[in-house]
Each structure stands twice: as structure tokens, then as C-alpha cells.
Amino acid sequence: MSECLFCGIVDGKIKANIVYRDDAVVAFKDINPRAPVHILIIPCKHITGVLAIEPDDGALVGHIFQVAAQLARDQGIAESGFRVVVNSGADAGQTVFHLHYHLLGGRQMAWPPG
Ligand code: 5GP
Ligand code: ZN
């Protein structure tokens, strides 16, 4: 997927402020942060979004949540609270079609989301 922005970040062809990486996932700071902590966690594997997650991806998705929890601890927002958000499709405002989990925290969040 050479035209995919986030595959470019995984491959190191596009610069990003990477805060964590392992064989399966990369986490980096969002370029347009919506909260004091705003990190994107993505699988290295190109998956277009929630609708494209397959049964074999179960362990990968579980791992992403474990990484989100560890990053929340590292960023000091585990106790104060945080959100892990995935946008899917037009109504949710998905703009990048490589599965990504927004880790947001460091301020009071509104509910329901806008
Ligand atoms: P979505 O709207 O698809 O849920 O989220 C896409 C996110 O990717 C947005 O929060 C946007 O700010 C972020 N983003 C878009 N392009 C780049 C980029 O080149 N680098 C980084 N670090 N984040 C990006
Ligand atoms: Zn991709």
C-alpha cells in the first residue's frame, strides 16, 4: 500500500513523532492534537478500518489495547482518565483509511462526543 500515509509512517518513509513501536504496532503523536495527549496507535499491517478487521486479527486488536493502556500509564493519564477512539466512515469523520486508535487524554472530555 505505497499510497497509504500510515503505511508510509510504518515504513519510515514519512516522518512522525513515534512514541512506541514493536513488530506489530506503531504509536505516534497526532499531527493535529485534539487533547494534551493525542497519540495514534496503528497496526503495521494495512487494515482499512474497523469493517476490515478479520477473525485472525483478534490478537492484534487485543495487543493494540494493551499498548494503549501502557501508553496511558506512560503519559500520566491512566488515573485521570482517557479515551480510545476509532472513527469509521463519513459520519464518524474517518479521514485516513489505515486502522488507527486515537488515545486522547489530559483534559475533561464531553459526552456524548460531538
Ligand atoms: P481520523 O479522522 O481518520 O479518525 O484520524 C486521522 C488522524 O490522523 C487525524 O487526527 C489527523 O490529525 C492525523 N493525521 C493526518 N495526517 C497525519 C500525518 O501526516 N502525521 C500524523 N502524525 N498524524 C496525521
Ligand atoms: Zn496503510
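Remember, it's 1-based here, ligands and their atoms both numbered in the order they're listed. Numbering starts at 1 and runs along the sequence shown.
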Participant: Could you tell me which atoms of ligand 1, counted from 1 in the order shown, lie closer than 4.0 angstrom to a heavy atom of F28?
Facilitator: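 Near F28, the atoms of ligand 1 are 21 (C), 22 (N).
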
Participant: Report the atom name of the nearest N/O/S atom of H98 relative to the Zn ion (ligand 2).
Facilitator: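 Considering only N, O and S atoms, H98 comes nearest to the Zn ion (ligand 2) through ND1.
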
Participant: Of I39, V19, I42, which is the lone residue that meets side-chain contact (heavy atoms from CB on, under 4.5 Å) with F28?
Facilitator: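 By the side-chain contact (heavy atoms from CB on, under 4.5 Å) criterion, F28 pairs with just one of I39, V19, I42: I42.
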
Participant: Applying a strict 4.0 Å limit to heavy atoms, is R34 in contact with ligand 1?
Facilitator: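 For ligand 1, residue contact (heavy atoms, under 4.0 Å) with R34 is absent.
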
Participant: For K29, which part has a heavy atom under 4.0 Å from ligand 1: side chain, backbone, both, or neither?
Facilitator: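 Under 4.0 Å from ligand 1, K29 contributes backbone atoms alone.
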
Participant: For a quick test of reading the model, state the closest non-hydrogen atom pair linking N87 to G93 and the distance between them.
Facilitator: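 Scanning both residues completely, I find the closest heavy atoms to be CB-C, 4.4 Å.
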
Participant: Please check whether H38 reaches ligand 1 - meaning an N/O of the residue sits under 3.5 Å from an N/O of the ligand, judged on distance alone.
Facilitator: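 In this structure, H38 places no N or O atom under 3.5 Å from an N or O of ligand 1.
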
Participant: Grab the two heavy atoms, one from C7 and one from H46, that are nearest each other, plus how far apart they are.
Facilitator: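 So the two residues come closest at SG-ND1, 3.5 Å.
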
Participant: What is the nearest protein non-hydrogen atom to atom 1 (P) of ligand 1, stated with its residue, atom name and distance?
Facilitator: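 The answer is H100 NE2, 3.1 Å.
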
Participant: Could a heavy atom of G93 be found less than 4.0 Å from some atom of ligand 1?
Facilitator: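 Contact present.
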
Participant: Using ring centroids (six-membered ring only for Trp), state whether H100 and H102 fall under 6.0 Å.
Facilitator: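 When the ring centroids of H102 and H100 are compared, they turn out to be within the sub-6.0 Å range.
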
Participant: Heavy atoms only: which of I31, D30, I18 lies closest to atom 17 (C) of ligand 1?
Facilitator: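 That would be I31.
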
Participant: From the N, O or S atoms in H46, identify the one nearest to the Zn ion (ligand 2).
Facilitator: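 Nearest to the Zn ion (ligand 2) within H46's N, O and S set: ND1.
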
Participant: Do you know the tightest heavy-atom contact between C44 and H98?
Facilitator: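 Distance-wise, the nearest heavy atoms are O-CE1, 4.1 Å.
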
Participant: What's the shortest distance from atom 3 (O) of ligand 1 to any protein heavy atom, and which residue and atom give it?
Facilitator: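 Looking at atom 3 (O) of ligand 1, the protein heavy atom closest to it is T95 N, 2.7 Å.
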
Participant: Of the side chain and backbone of L40, name the one, both, or neither that has a heavy atom under 4.0 Å from an atom of ligand 1.
Facilitator: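 Side chain only; the backbone of L40 stays clear of ligand 1.
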
Participant: As an exercise, state the distance from CZ of F97 to CG of L51, rounded to the nearest 0.5 Å.
Facilitator: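 Here the rounded value is 10.0 Å.
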
Participant: Say you draw a straight line from CD of E54 to NZ of K45; how long is it, rounded to the nearest 0.5 Å?
Facilitator: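 The CD atom of E54 sits 6.0 Å away from the NZ atom of K45.
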
Participant: Quick check on contacts: which atoms of ligand 1 are under 4.0 angstrom from a heavy atom of N32?
Facilitator: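 Ligand 1 atoms under the 4.0 Å threshold to N32: 12 (O).
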
Participant: Please check if the distance between the ring centroids of F65 and Y101 is under 6.0 Å.
Facilitator: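 When the ring centroids of F65 and Y101 are compared, they turn out to be within the sub-6.0 Å range.
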
Participant: Under a 4.0 angstrom heavy-atom cut-off, which atoms of ligand 1 come close to Q94?
Facilitator: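 It comes down to these atoms of ligand 1: 3 (O).
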
Participant: Can you name the atoms of ligand 1, numbered from 1 with element, that are less than 4.0 Å from a heavy atom of F6?
Facilitator: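 Answer, ordered by atom number: 8 (O).
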
Participant: Can you find a side-chain donor-acceptor pair between D22 and H63 that sits under 3.5 Å?
Facilitator: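 A pair is found: one side chain offers a donor N or O, the other an acceptor, under 3.5 Å apart.
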
Participant: Would you kindly specify which portion of L5 sits under 4.0 Å from ligand 1, judged on non-hydrogen atoms: side chain, backbone, both or neither?
Facilitator: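 L5 to ligand 1: side-chain contact only, backbone stays beyond 4.0 Å.
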
Participant: Rounded to the nearest 0.5 Å, how far does CG of D30 lie from CG of L40?
Facilitator: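 Here the interatomic distance stands at 4.5 Å.
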
